[in-house]
Amino acid sequence: MMSAPQDGSPGKSDFAKELWRGLTPFLGLAQTVLSLAYLLAGGGGRYWPFILALFGLQVAVNILISLRSMAVRDITLLMYVFAVFNWVVSSLTVGLAGGYPTLFWLMFVLGAIHAGLFIGRPGILMNGFVASAALSIPLLYFDAMDFPAAVGIGVEMLFLLVIGFITERITTTLLAEREKIKRAEVELRESRDELAAALEKQRQQTRDMTLLSEMGDFLQACQVLEDSYAIIGYYTPRLLPFPHGALYLSGESRDTLDAVSAWGGIEAGRNSPHCSRAHCWALRREQVLWMDESSTGMRCHHLDHSEVAQYMCIPLFAQREVIGILHLQSRIAESPAPIPDGEARTRVLSLAKTVGERITLAVANLRLRENLRNQSIRDSLTGLFNRRYLEETLEREIHRAAREKAPLSIIFIDIDHFKSFNDQYGHEAGDAVLRQIGTFLASQVRYEDIACRYGGEEFVIVLPDAAIGIAAARAEGIRSGVKGMNVQVGGKMLPGITLSLGVSAIPEFEAAGEILLRAADNALYQAKAEGRDRVAVAKAGK
């Protein structure tokens with residue numbers, strides 16, 4: 001007889017429950033007043049003590065349910081208890097007053113009315129009203145129910161019908177408004193989420209641009225290529241989602257790339273110290289490569305496959321020329337995040353391309369700057385420093401030695417009979433001899449020494465912190481080393497080469513570059529005058 005609330009109906013909506021919570025006292029009061037009216041009208045006869053007891057029970061339970069409805073969060077069960085209790089009590093009261101036919105009729109009518117109230121459908125209320133009216137006529141006609149009882153039941157039915165109609169109309173209207181508010185809230189939330197996502201994207205782009213700008217500023221401030229390695233290793237993990245990385249740069253052969261730097265806990269060349277263009281898919285495809293652990297059969301050959309979960313290779317090209325590879329990776333033990341899709345993947349790939357372009361530009365500029373500087377301070381034939389660089393650095397080294405009261409020596413070197421050798425075997429042979437001697441001298445000097453081609457077949461070596469005796473011994477080692485040198489040109493072995501060397505030093509001579517060079521040059525001519533292929537040490541006062 002009692003219908004359960006249907007999905008989507010006001011009876012199952014939060015608003016309908018709150019409305020029922022507010023109407024509970026009035027519904028209980030209406031049925032309580034009806035029971036009291038039967039009692040005061042003298043109905044029930046000898047059953048009036050039972051009716052009075054039911055009346056008291058109904059009042060107490062309705063008050064308790066009303067109080068509980070204000071505190072209980074989910075009142076669905078409480079609604080059913082309220083309805084069933086009042087049906088039973090009211091039916092018993094009227095039944096005791098008017099007979100069992102009245103009890104049957106009241107149970108049917110109140111069940112229809114309360115079911116209509118729960119689901120908010122006035123059609124069910126009207127059906128209940130029509131059914132009760134149809135049943136009332138024969139009951140009244142056969143005197144199964146007296147007229148006051150029928151009027152009382154009709155008043156209760158009418159009261160509940162009005163409340164149900166008002167409830168349905170208010171509930172429908174307010175629920176419609178609430179749905180509008182909910183839709184507006186959803187739209188507002190979606191707009192807020194979209195705005196938050198846009199702001200987050202803007203913040204991320206701003207952060208990326210700031211880091212790119214900082215990296216570019218530091219790279220522009222580098223004086224030599226080696227300075228850029230630490231900057232690349234610092235900024236790359238902050239821009240791209242890979243904690244480990246290595247930088248491969250092309251060597252002199254242009255066919256091989258060497259691992260020059262690494263960061264994130266791996267050593268340069270951990271995967272492979274060298275790499276060719278055929279070993280890297282990024283170089284072969286000339287675009288950024290991003291691989292995960294599922295693509296083991298397509299991985300680059302320069303990669304150590306055992307520990308890598310994801311990796312990225314960014315090719316570095318300048319004017320269609322391979323500059324190098326920026327290799328980034330994450331490890332299996334680090335549980336790397338999956339490769340993003342859609343817009344996030346596009347953003348990372350675009351950022352990786354931009355990072356590669358910045359690094360390419362910086363490396364190309366530093367190499368160009370280094371080449372220009374080498375051209376200005378180095379001899380193009382021998383690779384040694386030129387006379388201009390010697391003049392710039394010699395005075396500085398002399399001042400440092402004087403300030404620290406340290407020795408400094410100079411070795412002046414000349415190739416014996418080079419003019420006649422050049423005339424006899426040609427300039428190609430002469431250039432080959434100069435190149436080989438330049439290579440040999442570069443291998444004989446310390447890092448702090450300065451080896452220069454002074455001009456023609458003459459060379460100068462500056463030895464900081466070396467006394468004149470040590471310099472003489474070094475000169476003797478150079479002389480004997482060149483004497484055993486073999487030079488081939490066009491498949492022909494050239495005759496042996498000899499050197500004449502002169503040595504000067506401070507504090508034996510005055511701390512001035514011109515004086516030291518002149519003293520070493522005079523000692524060189526002394527060696528030539530004594531028969532060449534020997535070392536002469538300059539003596540002060542001569």
Side-chain angles (χ1 to χ4, degrees), residues 223-224 368-402 407-423 427-466 468 471-472 474-475 478-479 481-482 485 497-506 508-528 532 535-538:
Q223 296 297 321
V224 294
L368 178 60
R369 191 186 306 172
E370 188 173 334
N371 289 336
L372 293 175
R373 184 172 181 272
N374 286 334
Q375 290 176 7
S376 65
I377 65 174
R378 290 191 179 272
D379 175 59
S380 59
L381 182 61
T382 63
L384 301 177
F385 291 112
N386 56 24
R387 184 170 180 172
R388 174 186 173 184
Y389 183 78
L390 173 66
E391 293 172 350
E392 290 178 355
T393 57
L394 180 57
E395 292 298 331
R396 182 175 65 249
E397 290 296 329
I398 289 175
H399 288 308
R400 185 188 64 81
L408 181 142
S409 299
I410 289 181
I411 302 176
F412 216 122
I413 305 170
D414 184 80
I415 302 175
D416 295 332
H417 304 295
F418 182 77
K419 186 177 184 304
S420 59
F421 179 89
N422 206 21
D423 292 341
H427 292 287
E428 183 181 356
D431 289 345
V433 170
L434 290 173
R435 277 194 298 269
Q436 191 150 341
I437 289 180
T439 302
F440 176 77
L441 292 179
S443 68
Q444 298 299 305
V445 297
R446 303 168 298 173
Y447 176 79
E448 60 269 24
D449 296 340
I450 303 170
C452 305
R453 183 185 179 190
Y454 194 72
E457 70 274 18
E458 294 179 328
F459 301 87
V460 173
I461 301 178
V462 180
L463 305 173
D465 300 317
I468 193 167
R474 295 275 302 278
I478 291 172
R479 184 198 66 79
V482 170
M485 182 184 299
I497 302 169
T498 61
L499 300 178
S500 297
L501 304 94
V503 180
S504 65
I506 56 173
E508 284 77 9
F509 289 87
E510 183 180 346
E514 183 179 352
I515 294 175
L516 283 175
L517 287 171
R518 188 184 306 118
D521 191 31
N522 291 336
L524 170 65
Y525 277 103
Q526 178 186 345
K528 285 183 175 293
R532 294 182 171 85
V535 177
V537 178

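Excluded from the calculations below are hydrogen atoms, water molecules and symmetry mates; all remaining heavy atoms, backbone and side chain alike, are included. Residue numbers count from 1 along this sequence.
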ring-ring contact (aromatic ring centres under 6.0 Å, His included) partners for Phe418, two or more places apart: none

Which distance, rounded to the nearest 0.5 Å, do you find between the [atom1] of [X] and the [atom2] of [Y]?
X: Leu368; Y: Arg373; atom1: CG; atom2: CZ; answer: 14.0 Å
X: Thr393; Y: Ile398; atom1: OG1; atom2: CD1; answer: 9.5 Å
X: Leu390; Y: Phe385; atom1: CG; atom2: CZ; answer: 10.5 Å
X: Arg479; Y: Ile411; atom1: CZ; atom2: CD1; answer: 13.0 Å
X: Asp521; Y: Gln526; atom1: CG; atom2: CD; answer: 12.0 Å

By salt bridge (Lys or Arg N to Asp or Glu O under 4.0 Å) - contacts of Glu508 (at least two apart): none

[X] side chain to [Y] backbone, donor-acceptor under 3.5 Å:
X: Glu395; Y: Gly513; answer: yes
X: Ser409; Y: Ala505; answer: no
X: Ser500; Y: Ala527; answer: no
X: Asn386; Y: Ser376; answer: yes

Derivation and outcome, side chain to side chain contact (heavy atoms under 4.5 Å, CB included), residues Met485 and Val482: CA-CA 5 Å; Met485 182 184 299; Val482 170; 4.2 Å; yes

Give every donor-acceptor pair under 3.5 Å between a side-chain atom in residues 449-460 and any protein atom, sequence neighbours left out.
| unit_1 | atom_1 | unit_2 | atom_2 | d |
| --- | --- | --- | --- | --- |
| Asp449 | OD1 | Arg446 | NE | 3.0 |
| Asp449 | OD1 | Arg446 | NH2 | 2.7 |
| Asp449 | OD2 | Arg446 | N | 2.9 |
| Asp449 | OD2 | Arg446 | NE | 3.1 |
| Asp449 | OD2 | Arg474 | NH2 | 3.0 |
| Arg453 | NE | Gly456 | O | 2.9 |
| Arg453 | NH1 | Asp379 | OD1 | 3.2 |
| Arg453 | NH1 | Asp379 | OD2 | 3.3 |
| Arg453 | NH2 | Gly456 | O | 3.0 |
| Tyr454 | OH | Arg387 | NH2 | 3.0 |

Working for side chain to side chain contact (heavy atoms under 4.5 Å, CB included), residues Thr382 and Ile437: CA-CA 8 Å; Thr382 63; Ile437 289 180; over 6 Å; no

Pairwise side-chain contact, Ile478 with Phe440, heavy-atom cut-off 4.5 Å (strictly under): yes

Pairwise side-chain contact, Leu441 with Ile413, heavy-atom cut-off 4.5 Å (strictly under):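 A side-chain contact under 4.5 Å exists here.
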
Atom of Ala523, atom of Gly502 and distance for their closest heavy-atom approach: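 Smallest heavy-atom distance, with atoms named: CB-CA, 3.7 Å.
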
Shortest non-hydrogen contact from Pro464 toward Glu397: CG-OE1, 3.7 Å

Leu434/Ile415 under side chain to side chain contact (heavy atoms under 4.5 Å, CB included): CA gap, chis, key distance, verdict: CA-CA 9 Å; Leu434 290 173; Ile415 302 175; 3.7 Å; yes

Exceeds 12 heavy-atom contacts within 6.0 angstrom, atom CD of Glu514: no

Side chain to side chain contact (heavy atoms under 4.5 Å, CB included) between Ile497 and Val433, intermediate numbers included: CA-CA 8 Å; Ile497 302 169; Val433 170; 3.4 Å; yes

Candidates Ile506, Leu408, Ile410, Val503 - the one meeting side chain to side chain contact (heavy atoms under 4.5 Å, CB included) with Ile468: Val503

Residues Arg388, Glu391: salt bridge by 4.0 Å N-O rule: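 Salt bridge absent between Arg388 and Glu391.
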
Electrostatic pair Asp414-Arg532, nearest N-O below 4.0 angstrom: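 Salt bridge: no.
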
